[in-house]
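The block underneath contains the structure these notes are about, expressed in structure tokens.
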Amino acid sequence: MRDEQRITLDLPDTDVPAGRTVLLGERMQVRHGGRDLFAGTGVDLTIRGPERIALTGANGAGKSTLLRLINGELQLDGGQIRRSDGRIAYLSQRLDLLDLDRTVAENFAVSAPHRAEAERMNLLARFLFRGDSAHLPVGALSGGERLRATLACVLCAEPAPQLLLLDEPTNNLDLTSADQLEGALSSYRGAFVVVSHDERFLAGIGVDRWLELADGRLSETGAPQV
């Protein structure tokens, strides 16, 4: 990509020390239609420090449900979750965090109200919203542009997120937009869990831990052989 199409950032506020436990989930269970989603007594998950985790598994295995449990959007029917004091940010496939009627700049101001306007505009430019494009309503943006706007508001928010959850973030993105997402995530210093089938993208963002959800069980796996 040309330099003007790249996202280059420095996000020190997202830094998470290597020894910090960001999340501890034990025997997590949720029920649908009176049936347990996870096998046995439920699933366990510990996230420490700035781990970069890929969550894989077949469609319908429960990956999105697990992200919603981690985020607290969905309540447990069994087991427990302990979260650190740091903020958790969840980017669903719907990209519905922003107000569609507000401009990119207005949404960003809501996420980072204590930053000076000049600083906010400079940061938006790093996410490739320069000049008039920062003043477009979010509802008028393309899918790739909306993802960039959402990332800007999430990664530069006050307080910065220490755990980022992403559900199939490259779906419906062209290669340029996917590369821009990769650049933004490479600058992020916290922990993340990403659901994706895009092995090229997962390799590019430096995933260092692989989990698979299959038959109701969450297990550690190695990186796929390409």
Side-chain angles (χ1 to χ4, degrees), residues 11 14-94 97 154-155 157 159-171 181 185-186 188-199 201-226:
L11 300 169
T14 63
D15 186 66
V16 177
R20 176 176 297 170
T21 298
V22 178
L23 178 130
L24 177 62
E26 299 177 304
R27 302 179 304 281
M28 294 183 291
Q29 187 61 270
V30 63
R31 297 184 179 91
H32 289 309
R35 299 182 62 183
D36 291 344
L37 175 63
F38 303 121
T41 58
V43 297
D44 298 330
L45 175 61
T46 301
I47 302 174
R48 294 188 179 91
E51 290 187 309
R52 297 181 164 230
I53 301 171
L55 177 60
T56 65
N59 291 336
K63 302 184 299 296
S64 296
T65 297
L66 182 57
L67 292 188
R68 293 171 63 204
L69 286 173
I70 294 170
N71 186 45
E73 178 184 334
L74 187 65
Q75 296 302 307
L76 285 170
D77 291 310
Q80 60 180 349
I81 296 179
R82 293 195 292 273
R83 304 173 180 87
S84 70
D85 293 334
R87 178 168 166 263
I88 299 175
Y90 175 39
L91 276 68
S92 73
Q93 296 183 50
R94 300 186 302 275
L97 290 179
V154 166
L155 295 180
Q162 293 197 338
L163 175 58
L164 187 60
L165 310 173
L166 303 107
D167 196 352
E168 297 285 3
T170 60
N171 273 9
L181 171 61
L185 292 180
S186 295
Y188 176 65
R189 302 185 188 181
F192 67 62
V193 180
V194 57
V195 171
S196 178
H197 296 92
D198 187 339
E199 293 180 3
F201 168 72
L202 293 174
I205 58 176
V207 166
D208 54 26
R209 186 179 173 197
W210 297 79
L211 301 176
E212 182 181 22
L213 187 57
D215 299 322
R217 293 177 171 82
L218 185 65
S219 57
E220 300 271 354
T221 66
Q225 298 299 315
V226 179

Original post:
Got a donor-acceptor contact below 3.5 angstrom from the Arg217 side chain to the Ala39 backbone?
Top reply: no
Subject >> Point-to-point distance, once rounded to the nearest 0.5 Å, from CD1 of Ile70 to CG of Leu66 >> reply: 4.5 Å
Original post:
Should the heavy atoms of other residues, nucleotides or ligands under 6.0 Å from CG of Asp208 be counted, would the total exceed 12?
Top reply: yes
Subject >> Shortest non-hydrogen separation from Arg83 to Leu69 and the atoms involved >> reply: NH2-O, 2.8 Å
Subject >> More than 12 heavy atoms of other groups within 6.0 Å of Asn171 CG >> reply: yes
Subject >> Gap separating the CD atom of Gln93 from the OG1 atom of Thr170, nearest 0.5 angstrom >> reply: 10.0 Å
**OP:** Give a yes or no on this: more than 12 heavy atoms of other residues, nucleotides or ligands lie within 6.0 Å of atom CZ of Arg209.
**Re:** yes
Subject >> From CD1 (Ile53) to CG (Leu165), nearest 0.5 Å >> reply: 9.5 Å
Original post:
Quick one: does Met28's side chain get under 4.5 Å of Leu218's, heavy atoms only?
Top reply: no
Subject >> From Val193, Ile88, Val194, Leu185, residue fulfilling side chain to side chain contact (heavy atoms under 4.5 Å, CB included) relative to Leu164 >> reply: Leu185
Original post:
Hey, is the main chain of Asp77 close enough, under 3.5 Å, to the side chain of Arg31 for a donor-acceptor pair?
Top reply: yes
**OP:** Check each of Ser196, Ser92, Ser64 against Asp167 using the side chain to side chain donor-acceptor pair (under 3.5 Å) test, and report the only one that passes.
**Re:** Ser64
Original post:
Can you tell me if Lys63 uses its side chain to pair, donor with acceptor, with the backbone of Leu213 under 3.5 Å?
Top reply: no
**OP:** First locate atom CZ of Arg20, then atom CD1 of Ile47, and finally report the distance between them rounded to the nearest 0.5 Å.
**Re:** 14.0 Å
Original post:
Rounded to the nearest 0.5 Å, what separation is found between the CZ atom of Arg82 and the CG atom of Leu24?
Top reply: 4.5 Å
Original post:
Leu211 and Glu220: side-chain contact (heavy atoms from CB on, under 4.5 Å), yes or no, with the steps?
Top reply: CA-CA 5 Å; Leu211 301 176; Glu220 300 271 354; 3.4 Å; yes
**OP:** Supply the atom-to-atom distance Leu202 CG to Leu55 CG, rounded to the nearest 0.5 angstrom.
**Re:** 10.5 Å
**OP:** Could you check if a side-chain atom of Leu91 sits within less than 4.5 angstrom of a side-chain atom of Phe192, using non-hydrogen atoms only?
**Re:** no
Original post:
Taking all non-hydrogen atoms of both residues, which atom of Pro50 and which atom of Arg189 are closest, and how far apart?
Top reply: CB-O, 3.4 Å
Original post:
Between the side chain of Tyr188 and the main-chain N/O of Pro161, is any donor-acceptor distance below 3.5 Å?
Top reply: yes
Subject >> Contact summary for Ala191 and Gly49, nearest pair of heavy atoms >> reply: CB-O, 3.2 Å
Original post:
Where do Glu51 and Thr46 land on the side-chain contact (heavy atoms from CB on, under 4.5 Å) test, with the steps shown first?
Top reply: CA-CA 10 Å; Glu51 290 187 309; Thr46 301; over 6 Å; no
**OP:** Step by step, work out the side-chain contact (heavy atoms from CB on, under 4.5 Å) result for Val30 and Arg68.
**Re:** CA-CA 11 Å; Val30 63; Arg68 293 171 63 204; over 6 Å; no
Subject >> Working for side-chain contact (heavy atoms from CB on, under 4.5 Å), residues Val43 and Leu45 >> reply: CA-CA 7 Å; Val43 297; Leu45 175 61; 6.0 Å; no
Subject >> Side-chain (Asp44) to main-chain (Arg27) donor-acceptor, under 3.5 angstrom >> reply: yes
